[in-house]
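Note sheet for the following structure.
Chain A is the first sequence line, chain B the second, and so forth, proteins listed ahead of strands; every chain is numbered from 1. Note that the structure is a prediction, hence the values are computed from the model and not measured.
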Number of protein chains: 2
Amino acid sequence: MSGLTTQDQGYGSNVRPGCPFHEVRQKLRRVGLRPTRQRVSLGWVLFAKGQRHVSAEMLYEEAMKERIPVSLATIYNTLRQFTEAGLLRELTLDGAKAYFDTADHDHHHFVVEGENRVIDIPAQDIDVAALPAPPEGYEISRVDVVVRLRKVEG
Amino acid sequence: MSGLTTQDQGYGSNVRPGCPFHEVRQKLRRVGLRPTRQRVSLGWVLFAKGQRHVSAEMLYEEAMKERIPVSLATIYNTLRQFTEAGLLRELTLDGAKAYFDTADHDHHHFVVEGENRVIDIPAQDIDVAALPAPPEGYEISRVDVVVRLRKVEG
DNA sequence: TTACGTGCAAATAATTTGCAGTCCC
DNA sequence: GGGACTGCAAATTATTTGCACGTAA
């Protein structure tokens, strides 16, 4: 896959680290996840290596490429655990494939119709001015804006 | 593009306002879908009967309740055809279940975490003020705002 | 009539789960 | 050492598809 959208200028968490693995380990501990080999390695791919949106399958292939010994089932489990711990956010696209992205910053998404490509929109580029009050007994946990794109004829 | 209303602009003389089935039939014809028994019946459930968001399964149960003879496969086919024709919009929630809602008005959604409940937010209640320019070669086809709700402890 | 639509059941695709073996604290 | 974690394969769930038959134009 072309690194078109993986090429980026990095966020705050992308601290030119002395030891990314150590930071991932800490990050995991902080949210109560035991830093096992698989989790640390996958965390490294997700948080230190600049990967930003992945599907289970993409992460699995990435892991294979990096010689990380991990099974697809563990990928799924890990993605879910990370998401429950708040390290990732889930983004479900039409087409029944779930994507996950690093959750350390607020942002929204461009989604290209047809392809399954996702491009970040920095939070400050979208202004959701007015939000309705949630129904009685509920509170807003998160607001997602998905801007669907269509290729221009040409 | 967003001028679709249930109230149509008189196509022929055989418009019978007050006869929902006829209106559905016309609506289908207008988008090039042959108005078969199943499509008209499902269209009636979706457009005339006030149903607004349904999953395939929900629509199937609704159809059974209304004694509409239709198979689940046809439900899926029909939902997709309606969506491609612009009569419905697809909304994919975390949980790998697709929902569809009538597309005749702009609106956004509250989604209750855990449950698979969807509540409409009228377009005028959300103000997406600033939108970023789409990447070169793409145009915005649609903007979806999903407000996730969490039940308040009590 | 005749191409398009429908129903059934089997096929896919994405994701989850049960359980035996493994590893971290 | 002991409970949490992993891997495998089988199970689930949502959706699609192939093909014989039915039906609208």
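Ring planes of B:Phe21 and B:Trp44: parallel class, angle under 30° (limits at 30 and 60°).
We find that CD1 of B:Ile75 is positioned 15 Å from P of D:dA14, with the value rounded to whole Å. Distance, B:Leu79 CG to D:dA14 P: 14 Å, rounded to whole Å. Following rounding to the nearest Å, B:Gln81 (CD) and C:dC4 (C1') show an atom-to-atom distance of 10 Å. Rounded to whole Å, the distance from CG on B:Leu42 to C1' on C:dG7 is 14 Å. When the C1' atom of D:dT23 is taken as reference, atom CZ of B:Arg25 falls 13 Å away, rounded to whole Å. Counting to the nearest Å, the P atom of C:dA13 and the CE atom of A:Met58 are 18 Å from each other. Between the P atom of C:dA14 and the OH atom of A:Tyr60 lies a distance of 14 Å, rounded to the nearest Å. In this structure, B:Leu28 places its CG atom 11 Å from P of C:dG5, rounding to the nearest Å.
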- Test B:Arg148 against B:Glu113 for salt bridge (Lys or Arg N to Asp or Glu O under 4.0 Å), laying out the working first. CA-CA 6 Å; B:Arg148 263 158 246 274; B:Glu113 282 177 359; 5.6 Å; no
- Task: Take B:Val111 and B:Ile119 through the test side-chain contact (heavy atoms from CB on, under 4.5 Å) and record every step on the way to the result.
- Result: CA-CA 6 Å; B:Val111 172; B:Ile119 304 170; over 6 Å; no
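Without hydrogens or angle criteria, B:Thr78 side chain to B:Thr74 main chain gives a donor-acceptor distance under 3.5 Å. Between the side chain of B:Arg39 and the backbone N or O of B:Leu33, no donor-acceptor pair lies under 3.5 Å.
OP1 or OP2 of D:dG7 has at least one side-chain nitrogen or oxygen of A:Thr74 nearer than 4.0 Å. Within the 4.0 Å cut-off from OP1 or OP2 of D:dG7, at least one side-chain nitrogen or oxygen of A:Gln38 is found.
Looking only at side-chain heavy atoms (C-beta outward), A:Ile121 and A:His107 stay at 4.5 Å or farther from each other.
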- Note on the structure: In B/S/- notation (B base, S sugar-phosphate only, - none; protein heavy atoms under 4.0 Å), nucleotides 15-25 of chain C written 5' to 3' is BBB------BS
